[in-house]
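Here the structure comes first, spelled out in structure tokens, and everything after it is commentary.
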Amino acid sequence: MLTIAVQIAFALFCLALLLNVWRLFHGPDLADRILALDTIYINSLALLILLGIWHHTTAYFEAALLIAMLGFIGTVAAAKFLLRGDIIE
Amino acid sequence: METLPAWAEWLASALILIGAIFGLIGSVGLVRLPDFMARLHAPTKNTTLGVGGVILGSIVYFSASQQGLSLHELLIAIFLFLTAPISAHLLAKAGLHLELKRVSRTRDYRDRPEQYSDRD
Amino acid sequence: MLNKIFPAPRLSLFLLVFWLLLQNSISSGLVVLGAVLALLIPLYTHRGRDFATKIHRPLKAVEYFLVLLVDIILSNFNIAAIILLPRRRIQPALFEYPLEITGEVPITVLASTISLTPGTITAEIRRDGRALLIHALNVADHEAMIQQIKTRYEMRLKEIFKC
């Protein structure tokens with residue numbers, strides 16, 4: 001039961017990643033691309049957690065936490081760049 | 001994966017599946033919705049909740065398969081729920097600042113729009 | 001004296017819990033190390049924190065948190081319906097939300113709540129800090145939306161923070 005659920009979840013999140021990549025390439029604006037990147041890191045974080053369940057290990061936890069933090073900082077920096085044309089003023 | 005007690009197996013499966021479905025809906029919204037400000041809604045709400053569901057499923061799985069609670073995944077969920085509004089706010093700000101195209105149906109009730117820009 | 005060596009008890013407690021969650025186990029050595037960190041970090045950082053606020057009604061805060069959780073899930077179903085139902089014409093709107101509460105922390109909490117819940121996103125705060133600019137995905141009557149946010153969230157926050 002859980003095996004099937006995790007496999008279906010893998011498939012759904014991979015499909016979600018494909019849709020995000022479409023938005024990343026299609027644009028039409030820079031802001032859309034940043035939003036797509038933001039969604040991509042959240043979805044890959046979910047994939048990492050699923051991988052941790054699949055292999056029955058907590059080793060991926062730190063990686064997921066790091067992706068969450070660095071992704072957030074990256075989104076903030078990119079949005080700031082759009083706002084001001086500069087990240088550190 | 002290890003075998004779990006039946007209730008934990010059902011609970012974890014349901015949480016993971018619901019989370020995955022919401023994550024997919026968020027990404028579908030990112031593709032389908034008509035303009036940038038509308039697209040912003042889908043990832044901030046649905047994708048965040050989707051990952052939250054997967055994290056809850058992971059907590060149930062690791063707590064039931066090992067002795068004792070395993071709560072550290074909760075840190076990721078809390079972090080995501082704290083940061084999602086902030087990145088949404090910054091991106092919305094950027095969208096307004098760049099004056100991206102909005103759908104013509106969008107009604108604008110601002111009295112003095114210049115009050116909301118930090119352009120001097 | 002006690003204030004000097006123990007400037008922010010709630011921050012210390014938060015740091016200790018955070019540390020134990022990160023380690024994912026409770027042993028006496030970890031608790032001692034976490035307690036030392038929870039004492040030292042606020043000593044080092046508390047002068048930079050100028051946004052201290054007091055929660056006057058902790059029980060109300062817990063109630064607010066639960067209401068928020070339920071509302072997040074409900075609004076997710078709402079958004080999912082908007083995304084999935086074919087060819088439903090959405091009616092986006094940009095409108096102002098006049099604030100009654102004051103203070104940086106309460107306004108931040110309210111803005112984050114608005115972003116997470118009913119199909120709305122806080123886009124900007126007015127220059128004088130007395131109104132928020134909100135983008136709603138699908139709203140027919142924005143006055144009703146303002147009233148809903150006011151009664152459901154802002155009044156509760158006003159009670160919790162007494163501001």
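Values below: every heavy atom of this structure, side chains too, minus hydrogens, waters and symmetry copies. Every chain is numbered from 1, with letters handed out A, B, ... down the list of sequences.
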When rounded to the nearest 0.5 angstrom, what is the spacing between [atom1] in [X] and [atom2] in [Y]?
X: C:Ser112; Y: B:Leu82; atom1: OG; atom2: CG; answer: 8.0 Å
X: C:Ile82; Y: B:Arg32; atom1: CD1; atom2: CZ; answer: 11.5 Å
X: B:Phe22; Y: C:Ile73; atom1: CZ; atom2: CD1; answer: 8.5 Å
X: B:Ile25; Y: C:Leu84; atom1: CD1; atom2: CG; answer: 4.5 Å
X: C:Asn78; Y: B:Asn46; atom1: CG; atom2: CG; answer: 10.0 Å
X: B:His89; Y: C:Leu133; atom1: NE2; atom2: CG; answer: 10.5 Å

If you draw a 6.0 Å radius around CG in C:Leu59, do more than 12 non-hydrogen atoms from other residues or ligands fall strictly inside?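 12 or below, so no.
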Inspect the surroundings of CZ in C:Phe77 and state if more than 12 heavy atoms from other residues, nucleotides or ligands are less than 6.0 Å away.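 No, because the 6.0 Å sphere around CZ of C:Phe77 holds 12 heavy atoms or fewer from other groups.
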Counting heavy-atom pairs under 4.5 Å with chain B, which one of C:Ile79, C:Ile121, C:Thr117 comes out on top?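 Most heavy-atom pairs within the cutoff with chain B belong to C:Ile121.
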Testing the basics here: between [X] and [Y], what is the closest heavy-atom pair and its distance to 0.1 Å?
X: B:Leu96; Y: C:Ala123; value: CD1-CB, 3.7 Å
X: B:Lys45; Y: C:Ser75; value: CD-OG, 4.3 Å
X: B:Ala92; Y: C:Thr122; value: CB-O, 4.5 Å
X: B:Leu33; Y: C:Ile83; value: CD1-CG1, 4.4 Å

Please look at [X] and chain B and tell me whether the side chain, the backbone, both or neither of the residue comes under 4.5 angstrom of a heavy atom of that chain.
X: C:Thr120; value: backbone
X: C:Thr108; value: neither
X: C:Ala136; value: backbone

Heavy-atom distances under 4.5 Å only: say whether B:Leu40 touches chain C with side chain, backbone, both or neither.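 Contact with chain C is through both the backbone and side chain of B:Leu40.
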